[in-house]
Number of protein chains: 2
Amino acid sequence: MLPAADLMEAFNAASARDPRERRPRRHDPGRRDRLIDAALTVIAERGVAATTHREIARVADVPLGSMTYHFTSLEEVLAAAFTRHAESMARVFDERLSAACDREAAVEAVITLVADDLLGSSGDLVLSVELYVAAARNPALRAVTQAWMARSRTALERHFDATTARELDALIEGLVLHSALSTDPMTPEQIRHAVHRFLR
Amino acid sequence: MLPAADLMEAFNAASARDPRERRPRRHDPGRRDRLIDAALTVIAERGVAATTHREIARVADVPLGSMTYHFTSLEEVLAAAFTRHAESMARVFDERLSAACDREAAVEAVITLVADDLLGSSGDLVLSVELYVAAARNPALRAVTQAWMARSRTALERHFDATTARELDALIEGLVLHSALSTDPMTPEQIRHAVHRFLR
DNA sequence: ACATCATATGTACAATCGTACACATGATGC
DNA sequence: GCATCATGTGTACGATTGTACATATGATGT
């Protein structure tokens with residue numbers, strides 16, 4: 001066990017440094033990327049409303065000034081963060097569906113997508129809803145969501161006709177959102193039932 | 001045409017009163033209700049993030065102090081506003097479905113619900129998504145959404161079995177949200193097609 | 001008539017915010 | 001080596017916020 005003095009020193013160095021001493025300059029390439037990730041963490045945990053320069057900087061453990069150096073405004077941070085989130089979501093979508101070789105496999109891919117990927121991480125779900133709200137009032141973010149939706153629809157069209165793809169996309173959206181907001185989320189079996197019913 | 005002086009006077013009286021003169025006291029029963037409506041207006045137009053005491057007071061044309069008199073906190077305002085919104089939505093749901101006397105009419109009711117009621121007023125849609133986000137971090141609001149979902153499901157169960165009701169509820173959610181976020185919203189015909197396909 | 005008190009109004013205050021900006025430092029190209 | 005400048009760091013400032021609170025007024029019951 002460490003002496004109390006050492007604990008205090010470690011504590012100060014890690015999080016609550018003595019404000020009188022300047023923190024050592026760090027060589028930190030890719031800090032901008034880390035800040036975007038930190039922004040996503042904050043948005044998921046606290047919401048866009050609580051996402052401030054200072055909070056992101058605290059999570060990323062960088063001084064406040066670093067935010068204004070890497071981003072010209074808070075809007076730019078949010079745009080970068082949501083763009084990364086949408087890209088990440090779309091990639092999962094692409095991968096699942098391009099791995100399916102026939103229609104039956106595609107149906108299974110959709111079920112896995114909803115039950116595992118989308119409902120599995122509550123953080124991603126919250127991020128998506130936060131994005132929807134933010135997009136309602138920010139044209140740049142609206143473009144992000146539309147690109148994302150177009151991409152997921154295209155992925156579905158590898159296996160389904162255009163009309164089915166669009167309807168299925170909506171069903172997925174509904175199943176995920178509805179399930180996530182409910183006290184008793186739908187089980188994978190219920191998801192499977194709903195998808196099969198629609199595609200039967 | 002009014003003289004400029006009269007215009008100025010009207011302007012001052014209506015919105016930008018001379019701060020030196022105290023505004024006349026108004027007998028205003030039901031002001032609390034009006035404030036909740038004003039809050040809903042602000043949330044729909046500017047978002048929860050921009051919903052402040054001062055902005056609501058401005059929209060309702062009451063002094064700031066009136067907000068803190070009628071509500072102990074901003075959270076209470078939001079809770080009251082979203083509760084009213086959910087109640088209003090649920091009522092529409094109830095009315096449409098209780099008016100249907102057989103299953104065929106119920107299907108038509110669902111289609112009307114989505115295509116007309118839900119997609120018709122973009123304000124209500126925005127309010128719903130704002131509520132979802134707010135509910136993600138506020139237990140009181142989560143209870144509001146859950147009560148709302150339970151009620152709409154019950155309304156559907158007047159005409160459909162429990163499993164179908166739940167799946168249909170999710171589909172409705174997806175169709176509305178998906179359609180609203182898209183550049184080209186689904187047409188009533190497309191909505192009809194999707195619902196019929198699911199319930200066929 | 002008049003006292004009471006729920007309601008209405010105006011203002012102050014500390015906290016927090018986005019952003020600007022001055023200064024420090026070391027990686028990099030020459 | 002060494003100058004340069006991209007990057008890192010600390011701090012200040014005006015604006016806005018939620019909330020508290022002092023004061024004003026008229027509807028209501030007696």
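Residue numbers start from 1 in every chain, and the chains themselves are labelled A, B, ... in the order their sequence lines are given, proteins ahead of strands.
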Calculate the interatomic distance between B:Glu76 atom CD and D:dG18 atom C1'; express it in whole Å. 14 Å
Donor + acceptor pair across side chains of A:Arg96, A:Thr112 (<3.5 Å): no
Distance, rounded to the nearest Å, where B:Arg25 contributes CZ and D:dT25 contributes P: 8 Å
Given atom CG of A:Leu35 and atom P of D:dT9, what is their separation to the nearest angstrom? 11 Å
Starting from the 5' end of DNA chain D, give me the residue, A:Leu64 or B:Thr72, whose nearest nucleotide shows up first. A:Leu64
Would you say the side-chain atoms of A:His159 pair up with the backbone N or O of A:Leu97, donor to acceptor, closer than 3.5 Å? yes
Euclidean distance, atom CE of residue B:Met67 to atom P of C:dG10 [Å, nearest integer]: 16 Å
When you measure only distances, ignoring hydrogens and angles, does the side chain of B:Arg23 come within 3.5 Å of the base of C:dG10 through a donor and an acceptor? no
What is the distance, to the nearest angstrom, from the CZ atom on A:Arg31 to the C1' atom on C:dT25? 13 Å
Could you walk me through whether A:Arg153 and A:Glu157 satisfy the salt bridge (charged side-chain N to carboxylate O under 4.0 Å, His left out) test, starting with their C-alpha distance in whole Å, then the side-chain angles of each, then the deciding distance to 0.1 Å, before giving a yes or no? CA-CA 6 Å; A:Arg153 225 196 287 181; A:Glu157 285 173 1; 5.5 Å; no
B:Asp33 has an atom CG; how far is it from atom P of C:dT7, in whole Å? 13 Å
I'd like to know if the side chain of B:Ser182 reaches the main chain of B:His178, judged simply by a donor and an acceptor atom lying under 3.5 Å from each other, with no hydrogens or angles considered. no
Separation of atom CG in B:Asp28 from atom P in D:dG26, rounded to whole Å: 14 Å
Please tell me if B:Tyr69 has a side-chain N or O lying less than 4.0 Å from either OP1 or OP2 of C:dA8. no
Rounded to the nearest angstrom, tell me the gap between atom CZ in B:Arg46 and atom P in D:dT17. 9 Å
A:His70 side chain near D:dG8 phosphate (N/O to OP1/OP2, under 4.0 Å): yes
Any donor-acceptor pair under 3.5 Å from B:Ser88 side chain to B:Arg84 backbone: no
Quick one: is D:dT23 close enough that its OP1 or OP2 comes under 4.0 Å of any side-chain N or O from B:Arg22? no
B:Thr52 near the nucleic acid: base, sugar-phosphate alone, or nothing, with a heavy-atom cut-off under 4.0 Å? sugar-phosphate
First encountered from the 5' end of DNA chain C, between A:Ala50 and A:Gly65: A:Ala50
Is there a donor and acceptor pair closer than 3.5 Å between the side chain of B:Arg54 and the base of D:dT16? no
